[in-house]
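See below for the structure under consideration.
Sequence lines set the chain letters: A, B, ... in the order given, protein chains first and strands last, and positions in each chain run from 1.
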2 protein chains.
Amino acid sequence: MGAGDGLTQVSGSITIVRGEEELYRRTAHLFAAATDLACAAAGLASWVADHRSEEFADAAAARRGGKRIRKLYPAGLLLDSVAARELARRRDEIGAEIRVTPDEINETIIIDRRLVILAGDRRSGPRGYSVITRPEVVQGVLSLFETAWRSATDLAVYNARVAEIRQIAPAVLDLLSQGVKDETAARRLGLGLRTYRRRVAELMAALGAESRFQAGVRARELGLV
Amino acid sequence: MGAGDGLTQVSGSITIVRGEEELYRRTAHLFAAATDLACAAAGLASWVADHRSEEFADAAAARRGGKRIRKLYPAGLLLDSVAARELARRRDEIGAEIRVTPDEINETIIIDRRLVILAGDRRSGPRGYSVITRPEVVQGVLSLFETAWRSATDLAVYNARVAEIRQIAPAVLDLLSQGVKDETAARRLGLGLRTYRRRVAELMAALGAESRFQAGVRARELGLV
DNA sequence: GCGGGGTTGGCAGCTTGTTGCCGTTCCCGG
DNA sequence: CCGGGAACGGCAACAAGCTGCCAACCCCGC
């Protein structure tokens with residue numbers, strides 16, 4: 001069943017594509033023609049997040065034609081100034097509306113409200129992508145995206161909000177990832193313990209984490225540590 | 001100063017090489033000719049860990065010639081059965097002596113006790129590798145490696161030790177990375193709280209982590225979550 | 001100078017996490 | 001059956017983490 005060509009056909013309206021090159025081959029024309037694109041990305045560098053920005057430079061140039069591009073990213077990305085700048089660049093050069101959320105994101109692309117690409121588990125081998133055109137599924141995913149979009153925060157707004165914590169984030173995250181206890185870390189940074197813990201709580205909020213283990217996973221995932 | 005060819009010459013005996021392809025190009029002959037190889041790897045998939053296993057298949061075939069290959073890996077890798085099997089394969093097919101340690105590892109390769117390759121920070125752009133022949137530095141790094149090697153545990157021994165925790169590790173790690181509290185997690189796994197916490201403590205020991213944040217970072221780093 | 005707003009840091013109460021202790025249970029070997 | 005060893009799970013003591021409270025301080029505008 002197509003085991004050799006990186007493609008698995010599951011049903012008439014759900015297709016599993018293995019690997020990003022194959023996905024690109026099959027979907028490039030859809031992106032080029034799309035007038036409405038919605039993406040939820042787990043990070044800065046994934047295919048979902050970045051997929052061939054050149055096409056979107058083209059799309060941006062055609063923005064007068066009514067193309068709409070929306071991208072949803074993890075809020076934690078803005079703890080890193082390089083990533084923050086890159087997101088702003090994507091917004092400005094590509095004309096994408098960008099919002100961020102501390103909630104965990106399932107990597108998703110929705111094209112013209114009628115085709116959905118879901119990224120599979122990243123852990124095992126070449127990544128699988130589900131390409132779905134079944135209307136009920138598309139509507140369901142779109143509904144979830146809209147909900148997430150509505151509760152997300154505009155890039156510029158959130159960026160301003162975390163500008164200050166971003167200054168201290170690397171130091172705090174570094175100490176946390178070394179297993180340093182709060183009292184020691186606070187002393188090293190010349191902060192009171194209460195203030196250090198405030199900083200940690202702010203970082204955890206941005207990472208959308210409810211435990212320190214989860215925060216560690218998230219921080220590593222986003223390349224912050 | 002070679003900015004265009006992926007190579008930066010720092011001094012007569014310390015060379016910075018940018019990117020793994022370039023590093024391979026410059027060192028392949030050294031690996032082929034090496035009779036003593038010592039590697040400390042941060043994970044399963046990094047260049048340091050895996051660098052062209054074909055060459056070592058050759059090396060294994062030539063084992064009668066007196067080649068010695070030692071590899072040091074993070075103990076946490078053995079929490080994953082796929083990784084555990086892969087390490088055993090590398091030991092058996094390549095004839096490498098493999099030990100594991102819970103301590104944090106700096107990615108290092110030592111060739112014939114006279115050349116050292118240190119992997120640089122993985123966070124920014126193409127990875128830099130320092131190729132060092134300066135004897136004092138080589139001896140220093142070698143000394144550190146020997147110390148780590150001595151305190152490390154043989155693969156088979158550690159593997160047997162964690163075989164049982166490995167069964168439950170995925171479930172525990174999954175719950176931890178979702179931010180689930182201990183009491184809830186224990187109930188979900190049908191364990192008493194004290195036993196769940198024993199499991200968590202064992203996982204943290206294998207990960208060499210002293211805080212849950214650090215454990216989360218390590219677990220993610222090793223691809224366990 | 002005064003008032004308002006925001007931040008800091010110590011304190012305290014509470015929750016969560018860490019680990020020793022010990023009785024209970026199970027398994028295995030003699 | 002008995003004894004020994006290991007694991008489980010409840011309990012408790014303690015440490016670490018979370019967060020509200022509030023006084024003190026700083027900055028800014030009027």
Identify, with sequence neighbours excluded, every residue that meets side-chain hydrogen bond (donor to acceptor under 3.5 Å, both in side chains) alongside B:E104.
B:R218

Can you find a side-chain donor-acceptor pair between B:R90 and B:Y73 that sits under 3.5 Å?
yes

Does any residue of residues 160-175 of chain A have a heavy atom under 4.0 Å from DNA chain C, and if so, which ones, in number order?
none

Under the criterion salt bridge (Lys or Arg N to Asp or Glu O under 4.0 Å), which of A:R212, A:R199, A:R188 is the partner of A:D182?
A:R212

Over how many whole Å does the gap from A:R199 atom CZ to D:dC18 atom C1' extend?
15 Å

Give every residue pair that meets the ring-ring contact (aromatic ring centres under 6.0 Å, His included) criterion with at least one member in residues 148-173 of chain A, sequence neighbours excluded.
A:F145-A:W149

Sequence-aligned protein contact record of nucleotides 13-21 of chain C, with B where the base is within under 4.0 Å of a protein heavy atom and S where only the sugar-phosphate is
---SBBBBB

SB check B:R99 B:D154 (cutoff 4.0 Å)
no

side-chain hydrogen bond (donor to acceptor under 3.5 Å, both in side chains) against B:R68, all qualifying residues, sequence neighbours excluded
B:E97

Whole-Å distance, A:L203 CG to D:dT19 C1', equals 16 Å

What distance separates A:I132 CD1 from A:L115 CG, expressed to the nearest 0.5 Å?
8.5 Å

Which pairs, with at least one residue in residues 167-177 of chain A and sequence neighbours excluded, count as a side chain to side chain donor-acceptor pair (under 3.5 Å)?
A:D174-A:Q178

Find the distance A:Q214:CD to D:dG17:P and express it as a whole number of Å.
17 Å

